[in-house]
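Written out below as structure tokens is the structure these notes cover.
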Number of protein chains: 4
Amino acid sequence: MPSQKTSPPARAPQRKRGHERVASLLSAAADTFVEKGYDAATMTEIAARAGASIGSLYQFFPTKEAVAQALMGGHAEALYARIGQLTARAPQWGNDELAGQLIRLFLDFRRQQPSFVVLTEVPASVPKGEALTIRMRIRDELIGLLGGRYPGLPTAQVRAGATVVQYMMKAAVALHAETASTARTAAQTQLRRTLWLYLDDLANT
Amino acid sequence: MPSQKTSPPARAPQRKRGHERVASLLSAAADTFVEKGYDAATMTEIAARAGASIGSLYQFFPTKEAVAQALMGGHAEALYARIGQLTARAPQWGNDELAGQLIRLFLDFRRQQPSFVVLTEVPASVPKGEALTIRMRIRDELIGLLGGRYPGLPTAQVRAGATVVQYMMKAAVALHAETASTARTAAQTQLRRTLWLYLDDLANT
Amino acid sequence: MPSQKTSPPARAPQRKRGHERVASLLSAAADTFVEKGYDAATMTEIAARAGASIGSLYQFFPTKEAVAQALMGGHAEALYARIGQLTARAPQWGNDELAGQLIRLFLDFRRQQPSFVVLTEVPASVPKGEALTIRMRIRDELIGLLGGRYPGLPTAQVRAGATVVQYMMKAAVALHAETASTARTAAQTQLRRTLWLYLDDLANT
Amino acid sequence: MPSQKTSPPARAPQRKRGHERVASLLSAAADTFVEKGYDAATMTEIAARAGASIGSLYQFFPTKEAVAQALMGGHAEALYARIGQLTARAPQWGNDELAGQLIRLFLDFRRQQPSFVVLTEVPASVPKGEALTIRMRIRDELIGLLGGRYPGLPTAQVRAGATVVQYMMKAAVALHAETASTARTAAQTQLRRTLWLYLDDLANT
DNA sequence: TATGAATGAGGTTTCATTCAT
DNA sequence: TATGAATGAAACCTCATTCAT
């Protein structure tokens with residue numbers, strides 16, 4: 001043995017580099033999807049933006065769809081968790097406060113993970129099944145939230161309520177994507193109020 | 001605004017045969033866009049579905065974008081007109097009725113022209129500018145509607161109200177696209193009620 | 001017979017209209033070829049420029065090549081004739097004058113019929129055979145010219161001389177196509193002088 | 001001058017295999033351009049001749065124009081260099097010798113790189129801007145040559161002389177492309193003599 | 001493992017030419 | 001005869017994916 005070079009922690013650095021690479025690839029993918037949309041985004045551009053080669057990208061994600069799914073999956077988990085946090089605190093809030101917190105949560109999420117919306121909305125594309133699954137899971141989270149907040153409400157009502165809330169979140173997010181203007185701000189305020197009115201109505205059923 | 005490069009418009013047919021062709025091409029295009037989405041729809045498939053050759057398609061629509069625009073344009077006019085009809089009758093209705101009529105109008109329209117929604121929602125695609133224009137025009141129609149229905153309301157309120165209504169229509173249309181179920185039906189009912197609550201609130205401002 | 005409308009001269013006006021149409025089609029074709037080159041010029045554009053339909057164009061010219069040939073043929077005849085006129089007058093001129101007249105003739109022709117050059121130069125395209133024929137015929141005209149002007153010259157010399165003159169004409173025409181500048185003007189003058197020098201040399205052989 | 005939209009350049013290969021590919025692609029392209037001309041040459045045929053797939057061709061040359069430019073650019077450098085070599089030796093030569101060397105140089109070059117002529121002459125085509133640049137650079141080289149050979153000559157004269165020489169080279173090359181014959185050979189000899197006469201004249205100005 | 005090259009089906013678009021009214 | 005519609009081969013180019021080094 002010519003030299004006693006400290007045996008390097010076998011694969012750990014590899015793994016660590018792997019993690020970094022995956023992270024930068026996903027980040028690049030997110031940017032690209034947001035800018036171009038799912039279809040127009042190319043694997044080549046994603047790799048290039050991450051400073052990686054196309055071969056490297058395919059070493060971690062076998063298909064373009066896999067990239068999208070990894071992105072969606074990762075973000076979805078975070079979203080579920082945040083709704084769960086709201087669920088824990090919701091019982092202490094008034095309907096007014098709850099409406100505000102819900103909208104804030106979804107807008108914050110969209111701001112931080114704009115690719116999530118892009119991929120979730122893709123019309124007739126590959127990750128459609130995944131998107132559906134996620135939507136259902138979000139629905140379940142909202143059902144948990146409303147069920148906890150309005151304990152006496154019949155299950156069917158809770159389910160319908162969660163659905164309405166979900167689509168109003170969608171509306172809020174879409175509205176937020178409009179070019180900013182005083183009109184938009186006013187509309188956002190009123191949309192929050194509409195949600196409040198709805199929750200009040202739900203509570204008195 | 002330097003106006004994005006606007007795609008050349010459709011060439012107008014000048015013979016009876018041409019008119020028929022254009023009609024069948026547009027119909028085939030609508031079907032294809034709905035089934036596959038804008039990006040995944042191919043000109044080849046559109047032509048084939050219309051029983052026309054690819055050259056024939058290009059005789060009337062110089063680009064894929066032109067096909068989409070022709071579809072959107074044609075349908076948009078119809079939608080404006082229908083909102084106009086509501087505007088005329090709205091003053092006689094209660095908020096309850098108005099909410100129902102609005103939702104019915106948009107759902108009917110979606111049922112008859114599903115491609116309109118697909119093309120209008122395309123996230124990061126070519127006909128985006130056109131879609132924006134149309135959305136603004138719909139907004140204006142709704143402003144007209146609410147302005148007529150609630151004469152005392154300040155302009156800013158009317159504008160914000162129209163925006164809210166528009167995004168709730170979007171929500172209603174999206175909800176309608178969900179797999180049918182009793183839960184969906186219940187949610188639809190409640191969404192209508194939410195709109196009613198909002199209109200009541202608006203009227204009492 | 002309800003009215004005695006003067007029986008129109010059966011087909012004469014037709015024919016006349018036909019001539020006009022052919023003329024305008026050829027003119028449009030010339031413009032298009034000059035602007036776009038032979039390959040990039042389209043039959044549709046030629047027809048449109050002439051204010052005719054594509055069907056009408058094909059009624060007179062069965063192929064694109066036929067259009068080019070008609071154009072070349074018509075112009076070539078004029079060119080032969082003009083060289084013939086020079087031939088008649090050349091014996092009275094000095095070499096200086098002859099050089100000037102030759103260059104002037106070709107430059108004038110290029111100015112009036114720029115499409116002739118474009119079509120004649122087309123590299124590996126359809127009308128190649130025709131172009132060759134024309135070139136040979138021009139050669140013959142030049143042979144006639146030089147043979148008449150330098151009666152004692154052996155045939156082989158005359159033939160070689162005509163060839164040299166022809167390629168110098170080509171050079172002159174190409175030079176003329178350069179962006180105008182004082183440098184170009186000076187070069188043109190010297191090219192004429194070079195031709196003169198050559199003719200002098202030829203005469204003294 | 002707003003500089004016509006300049007086509008994206010060729011992507012440089014980074015592996016040995018890539019270099020070989022590029023070389024064979026360029027060679028195939030040269031053959032194809034010579035045989036068919038720029039417009040009629042197709043990317044498909046170029047790839048096929050090189051034994052490559054169409055995708056492989058586009059990996060290195062994003063457009064057909066890029067192929068042409070790569071060819072022209074590469075050859076042009078060689079031509080400049082060769083003229084430079086003449087420049088170094090020209091002062092020792094008589095005008096007779098210089099004329100012969102110039103013509104030999106251009107004919108040799110045409111024989112070795114026939115695609116250069118084809119692409120440079122393309123009448124109204126895409127690589128026009130590039131061709132112009134090259135022509136001007138050749139002019140400059142000739143200016144250097146004549147300036148060195150005829151030291152006392154005023155700049156304007158040198159410039160005009162270089163232009164004349166350049167167009168006579170064009171004529172010589174074109175003449176050489178004619179079907180071989182005794183007439184052609186004789187004409188070539190006389191063209192060389194004409195150039196000699198011109199250089200003599202230039203020297204005595 | 002990392003990289004760049006290779007592949008080729010498939011997409012959009014063009015255009016000479018033919019048809020039918 | 002004049003016109004516009006119809007046709008489809010073929011061109012250019014893209015891009016997800018696979019290979020080879």
Side-chain angles (χ1 to χ4, degrees), chain A residues 11 14 17-18 21 39-48 52-67 126, chain B residues 11-22 39-47 51-67, chain C residues 11 14 17-18 21 39-48 52-67 126, chain D residues 11-22 39-47 51-67:
Chain A
R11 312 220 36 172
Q14 310 282 80
R17 261 208 282 161
R21 182 128 279 193
D39 285 288
T42 75
M43 293 296 268
T44 302
E45 177 170 2
I46 290 171
S53 67
I54 181 71
S56 193
L57 173 53
Y58 271 91
Q59 214 126 44
F60 293 103
F61 303 98
T63 64
K64 184 177 173 182
E65 191 186 343
V67 177
V126 189
Chain B
R11 225 184 320 292
Q14 313 195 359
R15 288 244 224 280
K16 198 180 116 210
R17 190 142 176 226
H19 276 109
E20 292 164 6
R21 256 284 133 94
V22 164
D39 285 293
T42 75
M43 293 295 267
T44 304
E45 177 171 359
I46 291 172
S53 69
I54 183 68
S56 209
L57 172 53
Y58 274 92
Q59 186 105 40
F60 296 105
F61 303 99
T63 63
K64 186 175 168 182
E65 193 187 341
V67 179
Chain C
R11 311 218 37 172
Q14 309 282 80
R17 263 209 281 162
R21 182 129 275 193
D39 285 286
T42 75
M43 293 296 268
T44 301
E45 177 171 1
I46 291 172
S53 67
I54 181 70
S56 193
L57 173 52
Y58 271 90
Q59 214 127 45
F60 293 102
F61 303 98
T63 64
K64 185 177 173 182
E65 191 186 344
V67 178
V126 190
Chain D
R11 225 183 322 291
Q14 313 194 3
R15 289 248 224 279
K16 198 179 116 211
R17 188 139 178 231
H19 276 109
E20 291 164 6
R21 255 285 133 93
V22 164
D39 286 292
T42 75
M43 294 296 267
T44 303
E45 177 171 0
I46 291 172
S53 69
I54 183 69
S56 210
L57 172 53
Y58 275 95
Q59 187 104 38
F60 296 105
F61 303 98
T63 64
K64 186 175 168 183
E65 192 186 344
V67 179

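Per chain, numbering begins at 1; letters A, B, ... match sequence-line order. From a predicted model like this one, the values you see are computed outputs, not experimental measurements. All values below were derived from every heavy atom in this structure, side-chain atoms included, with hydrogens, water molecules and symmetry-related copies excluded.
Within 4.0 Å of K16(D), counting heavy atoms only, lies no atom of the nucleic acid at all. Contacts of A41(B) with the nucleic acid, taken as non-hydrogen atoms under 4.0 Å apart, involve only primed sugar atoms and P, OP1 or OP2. Residue A47(A) is classed as having no contact, given no heavy-atom separation below 4.0 Å to the nucleic acid. Across all strands shown, T63(C) has heavy atoms under 4.0 Å from sugar-phosphate atoms exclusively, and none from any base.
End-to-end axis angle for the helix from dA2(E)-dT21(F) to dT21(E)-dA2(F), using five pairs per end and rounding to 10°, comes out at 10°.
When rounded to the nearest whole Å, the span between CD1 of I46(A) and P of dT14(F) equals 17 Å. If you measure from atom CG of L57(C) to atom P of dT17(E), you get 10 Å, rounded to the nearest angstrom. Atom CZ of F60(B) is separated from atom C1' of dT7(F) by 13 Å (rounded to the nearest Å). Atom-to-atom, CD of E20(D) to P of dG4(E) comes out at 17 Å; the value is rounded to the nearest Å. At whole-Å resolution of the value, CZ in R11(D) and P in dT3(E) are 17 Å apart. The interatomic distance linking E65(B) (CD) with dT13(E) (C1') rounds to 14 Å, in whole Å. Rounded to a whole Å, the NZ atom of K64(B) is 15 Å from the P atom of dT14(E).
Judged by closest nucleotide on DNA chain F, P13(B) is the one of P13(B) and T44(D) placed further toward the 5' end. Between A52(A) and I54(C), the residue anchored closer to the 5' end of DNA chain E is A52(A), taking for each the nucleotide with the nearest heavy atom. Comparing R15(B) and T42(B) by the nucleotide of DNA chain E whose heavy atom lies nearest to each, the residue mapping closer to the 5' end is T42(B).
Neither OP1 nor OP2 of dT1(F) sits under 4.0 Å from any side-chain N or O of Q59(C). Checking the phosphate oxygens (OP1, OP2) of dT3(E), no side-chain nitrogen or oxygen of R17(D) falls inside 4.0 Å. Under 4.0 angstrom from either OP1 or OP2 of dT17(E) there lies at least one side-chain N or O belonging to Y58(C).
Between the side chain of R11(D) and the main chain of P62(D), no donor-acceptor pair closer than 3.5 Å is present.
Of all heavy-atom pairs between V67(D) and L57(D), the closest is CG2-CD1, 4.3 Å. Looking at every heavy atom in both residues, V22(B) comes nearest to P13(B) through CG2-CG, 3.8 Å.
For R21(D), counting side-chain heavy atoms from C-beta on, the closest listed nucleotide (dA6(E), dA16(E), dC12(F)) is dA6(E). In this structure, the nucleotide among dT14(E), dT7(F), dG4(E) sitting nearest to the side chain of S56(B) is dT7(F). For S53(A), taking side-chain heavy atoms from C-beta onward, the closest of the listed nucleotides dT13(E), dC15(E), dT3(E) is dT3(E). Out of dA5(F), dT13(E), dA9(E), the shortest distance to the side chain of M43(B) is found at dT13(E).
For the atom pair Q59(C) CD and S53(C) OG, the distance stands at 8.0 Å (nearest 0.5 Å). One finds the NZ atom of K64(D) at 6.0 Å from the CG atom of D39(D) (value rounded to the nearest 0.5 Å). Taken from CE in M43(D) to OH in Y58(D), the straight-line distance is 4.0 Å, to the nearest 0.5 Å. Here the CZ atom belonging to R21(A) is positioned 7.0 Å from the CZ atom belonging to F60(A), to the nearest 0.5 angstrom.
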